[in-house]
Amino acid sequence: MLAEQQYIELFQKYRSEIDSHASSLMNEERAFSFDFFAKKGFPNQRDEDFLHINLEKQFSNDYGMNLKAVDFKVDPYKFFRCTVPGINSHMFFVINDQFYPNVQLKYELPQGVIAGSLREMSKKYPELIRSYYNKLAKNTTDTTVHFNTAFAQDGFFLYVPKGVVVEKTIQLVNMMYGGVDMMANSRNLIVIEEGASAKLLVCGHAMEERSYLANRVTEVFVGKGAKYDHYKLENTNEKMTNVGSLFVSQDQESEVVISEITLQNGLTRNNVVVNLDGEYSSVVLGGMAINDCHQHTDTHTIINHNQPNCSSKELYKYVLDGEATGAFDGRILVKKDAQKTSAHQTNRNICLNKKAKMYTKPHLEIYADDVSCSHGATVGQLDDSTVFYLRSRGISEVEAKMLLMFAFVNDVEELIRVPALQDTIRLLVEKRFRGELNKKCEGCSSHCK
Amino acid sequence: MLEIKNLHANINGKEILKGINLVVNPGEVHAIMGPNGSGKSTLSSVIAGNPAFEVTKGEIIFNGKNLLDLSPEDRSREGIFLSFQYPVEIPGVSMVNFMRTAVNEHRKYKGLESLSASDFLKLMREKKEVVELDNKLANRSVNEGFSGGEKKRNEIFQMAMLEPKLSILDETDSGLDIDALRIVASGVNKLKTADNSTIVITHYQRLLDYIVPDIVHVLYKGKIVKTAGKELVMELEEKGYDWIKRELGEM
């Protein structure tokens, strides 16, 4: 418990400091999660769910934590240039683990929509937030999530009231910017009420190449007949560790699309838990990871079919080069009464190199007897005869492989329902495959290096 | 234009071509016929540079260049085109993207600028007419879900786009009904000039009724055992290959 000890002491010593820079309803949840974490410690590789990722080691680094919530002195709206142009979003920033308040900017959000700092909003609207905060995350056995609940002081809050449609994409930029090795535990809460609709793009950036660890937890509640899109794009660097946990609860007839794209990141752990809690709700859950060098992406998904007549479609693709590794663990659980479930899971992976390794573990657990379910997983290389076909038309070997890699991830890109975002992601993916991404930190004009 | 000298080639250590000699001059149409397993498709693959085959002896000279020194893409850029017996389906790669990449790589090789988007689409439209290729097909992924006939038409469409000096049609007639055969053959004939040459590889006389060869070769057990004019096609159709085997003293 060496790695844990420093955080246990830190929490005990600075508890009042932590509390004073958060809201009381966030503080109420700390004790339970802290005890849970103190008892179980960080996940280690003896745990089946963490076989291929050593998070204990990542957390044992000496990171700075901004527990006193010292203000961020630079205005990110001035130096950050978004790499996803043309989507014309409502843009918000969480820098390390603090929401960045922008007093100048007027967001033209539809009436009743609340978007802003979780800390501030949970002081302003405690009744609203109390009925959602930590309701999903509390039940997990993943101690990184409890660690977040114990330490988180701020993050992003979005509330879309009944029947309101937010046309424009809302963009949340999670940015690491510290000048020293840092850890950030931010917490997001998204509430989409009955019949409402919203799209959120979450971008991960690191403004310097330092050892950063981001441990972010997001809870999403999607009401009856509501629509919600959640796109997550990680574009950082080799030294960054990103642990992201997403919990979703869907009421009846709601439609959710989730796509997680790891373009560039050192170590990535993505946990997704989707609860289909209302009849006729549906989720499309997808993602891709492009890894090279010694990068690792670890995806862990759970889809709980708790009610009948729900559908889930899951599609994850990895392209691994260099000595990169990847892991996919996808669990679909169809409860006893969840008849007429449709659940289909696909995980396809390409290892471009003999040293690249992929571990995949699809699993279906079905306790109902009238369902349509499938899963498929493959690990392979680019097809030689297809490469030759393209070369025989004058396309170079490099370009032929490029075309095939674009083609391979194409159906994941197609899950994105915002056309401008889909186009831009295609462009970024192409740049990534061509090694043209992040020569300098993409999207930054601060010239910090 | 093309000169093949004493060509030997293996696949997985097994020798398939055992000393091929062939000369194709500009403007000529050659037919290569022969029974199953005689090495016809291997010959076309080796000319196009398929890395699955290993050339153990001999040389292939194309317009003064040693083809065996060139990558498959450079052979294509030099003017070799292979119409595949089994065109590959490539889901996720659009025909437009595929052809634009190919055409522009050819242009780059020749020191020409890339085509603008509008010029490229104009070229696509023109060439589609050669083989009456449906607009719908041109907007899909390469060969994905195409019928056998559509795939072969798509091969000839690509040939029209790339304007090769030497086209090798590997069993282009297989899997075609009579209408598709006529369209494909007429496409090939429209693309014929006094300077470009064609090698037609086939089992049957059928295709050669439409694409009339100047010279006919019989390939058997990895060697060209007979070469004659187009009258040889009729003779083979009447007598079969046994007659050749008898001539070789095998029967």
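Chain naming here is simple, since letters A, B, ... match the order of the sequence lines and numbering starts at 1 in each. Hydrogens, waters and symmetry mates play no part in the numbers below; they use all other heavy atoms, side chains included.
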Worksheet item: Is the number of heavy atoms from other residues, nucleotides or ligands within 6.0 Å of NZ (A:Lys355) greater than 12?
Response: no
Worksheet item: Quick one: of B:Ile80, B:Val103, B:Leu82, B:Asn97, who has the most non-hydrogen atom pairs under 4.5 Å with chain A?
Response: B:Leu82
Worksheet item: Would you say A:Lys313 has more than 12 foreign heavy atoms packed within less than 6.0 Å of its NZ?
Response: no
Discussion item. Give me the atom names and distance for the closest heavy-atom approach of B:Gly92 to A:Ala407.
Written reply: C-CB, 3.5 Å
Response to the item:
Applying a strict 4.5 Å limit to non-hydrogen atoms, the region of B:Pro87 in contact with chain A is both
Worksheet item: Looking at A:Asp383, A:Val409, A:Leu403, A:Asn410, which has the largest count of heavy-atom pairs under 4.5 Å with chain B?
Response: A:Leu403
Worksheet item: Does atom CG of B:Asp69 have more than 12 heavy-atom neighbours, drawn from other residues, nucleotides or ligands, at distances under 6.0 Å?
Response: yes
Worksheet item: When you check the side-chain N and O atoms of B:Asn50 and A:Tyr389, is any donor under 3.5 Å from an acceptor?
Response: no
Practice prompt. Please state whether the side chain, the backbone, both or neither of B:Val142 comes within less than 4.5 Å of a heavy atom of chain A.
Written response: side chain
Worksheet entry | Heavy-atom check, side chain of B:Ser71 versus side chain of A:Arg391, under 4.5 Å | yes
Fill in: Candidate pair A:Ile395 and B:Glu73, rule side chain to side chain contact (heavy atoms under 4.5 Å, CB included), full reasoning
CA-CA 6 Å; A:Ile395 298 171; B:Glu73 51 269 34; 5.9 Å; no
Worksheet item: Hey, is B:Glu155 close enough to A:Arg393 for a salt bridge, meaning N to O under 4.0 Å?
Response: yes
Discussion item. For A:Ser396 and B:Lys108: C-alpha separation, side-chain torsions, deciding distance, then whether side chain to side chain contact (heavy atoms under 4.5 Å, CB included) applies.
Written reply: CA-CA 12 Å; A:Ser396 68; B:Lys108 197 164 87 188; over 6 Å; no
Practice prompt. Let me know if B:Phe98 has heavy atoms under 4.5 Å from chain A in its side chain, its backbone, both or neither.
Written response: both
Discussion item. Are more than 12 heavy atoms, taken from residues, nucleotides or ligands other than B:Lys192, located less than 6.0 Å from that residue's NZ atom?
Written reply: yes
Fill in: Heavy atoms of other groups near B:Tyr86 OH, more than 12 under 6.0 Å
no
Worksheet item: Does a sphere of radius 6.0 Å around CD in B:Glu126 hold more than 12 heavy atoms from other residues, nucleotides or ligands, not counting ones at 6.0 Å or beyond?
Response: yes
Discussion item. Set out, in order, the CA-CA distance, both residues' side-chain angles and the distance that settles side chain to side chain contact (heavy atoms under 4.5 Å, CB included) for B:Val93 and A:Thr386, then state yes or no.
Written reply: CA-CA 11 Å; B:Val93 176; A:Thr386 310; over 6 Å; no
Worksheet item: Got B:Pro51 and A:Glu397 here, is their nearest side-chain heavy-atom distance under 4.5 Å?
Response: no
Worksheet item: Taking side chain as C-beta onward, heavy atoms only, is B:Phe84 less than 4.5 Å from A:Ser392?
Response: yes
